[in-house]
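Input: a single structure, listed below in structure tokens.
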Amino acid sequence: KQEVTQIPAALSVPEGENLVLNCSFTDSAIYNLQWFRQDPGKGLTSLLLIQSSQREQTSGRLNASLDKSSGRSTLYIAASQPGDSATYLCAGATDSWGKLQFGAGTQVVVTP
Amino acid sequence: DGGITQSPKYLFRKEGQNVTLSCEQNLNHDAMYWYRQDPGQGLRLIYYSQIVNDFQKGDIAEGYSVSREKKESFPLTVTSAQKNPTAFYLCASSIEGRVNQPQHFGDGTRLSIL
């Protein structure tokens, strides 16, 4: 069974610093890797989706990479802002219809 | 605006009671999902449906039931058989349940035991 791990569980950085969030998965037969943002008491917002055939995806200040051979994905957030404070979750699609296996998330605090 | 609406936002259940969580979407998505989130844990899949009148069990379906009579609606019933129902429940949808389409989420229902 696919297991997805996110370390660290929490992270605090000063405003302006680049954020690096890690996600590891045990089964390289992954269909895609998705990154989500969750604000307190809210649902998830999709940030980036990397197909299994892709190495990275970019959207604005966000860049996500995927290395299936090592079982890792990394989310980079450039020039962090206090508004980036949230929990970030990664999820791997484990079958062709898109069933997702989630990590527990990394809680990020960006201090002014 | 298109989106997913979950109601109620907060729900309380008494012992031996069944409760139903509502999920409605106006995105014209075929696939819908129910997840459970516990503190410090990732989301776990309860049930999913790829098409009207069809649904499958996820990883933790015991004590839950669903129906999919309309494309836009996917209600979840938490039965009295679910002994630890306190959690944050999230509904999601996607286009045709295809692997290259992201899932869109509602704002969740928080269920607690009285």
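In the text below, chain A, chain B and the rest are named by the order of the sequence lines, each starting its count at 1.
Using a 4.5 Å cut-off between heavy atoms, B/L45 contacts chain A through its side chain alone, with no backbone atom that close. For A/Q101, the part lying near chain B is the side chain, with the backbone staying farther off; criterion is any non-hydrogen pair under 4.5 Å. Looking at A/L44, both its backbone and its side chain come within 4.5 Å of chain B, counting heavy atoms on both sides. Using a 4.5 Å cut-off between heavy atoms, A/D95 contacts chain B through its backbone alone, with no side-chain atom that close.
Residues B/Y48 and B/I60 do not share a hydrophobic cluster, clusters being chains of Ile/Leu/Val/Met/Phe/Trp/Tyr side chains in contact below 4.5 Å. In the hydrophobic clustering of this structure, A/F102 does not group with B/Y64; members are Ile, Leu, Val, Met, Phe, Trp, Tyr whose side-chain heavy atoms approach within less than 4.5 Å, directly or through other members. Hydrophobic clustering (side-chain heavy atoms under 4.5 Å, transitive across Ile, Leu, Val, Met, Phe, Trp, Tyr) groups A/L62 together with A/L11. Linking Ile, Leu, Val, Met, Phe, Trp and Tyr whenever their side-chain heavy atoms come within less than 4.5 Å puts B/Y47 and B/M32 in one cluster. By the rule that hydrophobic residues join a cluster once side-chain heavy atoms approach within less than 4.5 Å of another member, A/I30 and A/V4 end up as members of one cluster.
The nearest pair of heavy atoms linking A/G41 to B/R110 is CA-NH2, 4.3 Å.
Counting heavy-atom neighbours within 6.0 Å of B/E24 CD, excluding the residue itself, gives a total above 12. The local environment of CZ in A/R72 is sparse, with at most 12 non-hydrogen atoms from other residues, nucleotides or ligands closer than 6.0 Å.
Most heavy-atom pairs under 4.5 Å with chain A: of the set B/L43, B/L90, B/D38, this distinction falls to B/L43.
The side-chain heavy atoms of A/L100 and B/Y35, taken from C-beta on, include a pair separated by under 4.5 Å. In this structure the side chain of B/Q103 never reaches within 4.5 angstrom of the side chain of A/S46, judged on heavy atoms. Looking at heavy atoms from C-beta onward, A/K99 lies in side-chain contact with B/D59 at the 4.5 angstrom threshold.
Checking B/Q37 against A/Q38 by side-chain atom types alone, a donor-acceptor pair falls below 3.5 Å.
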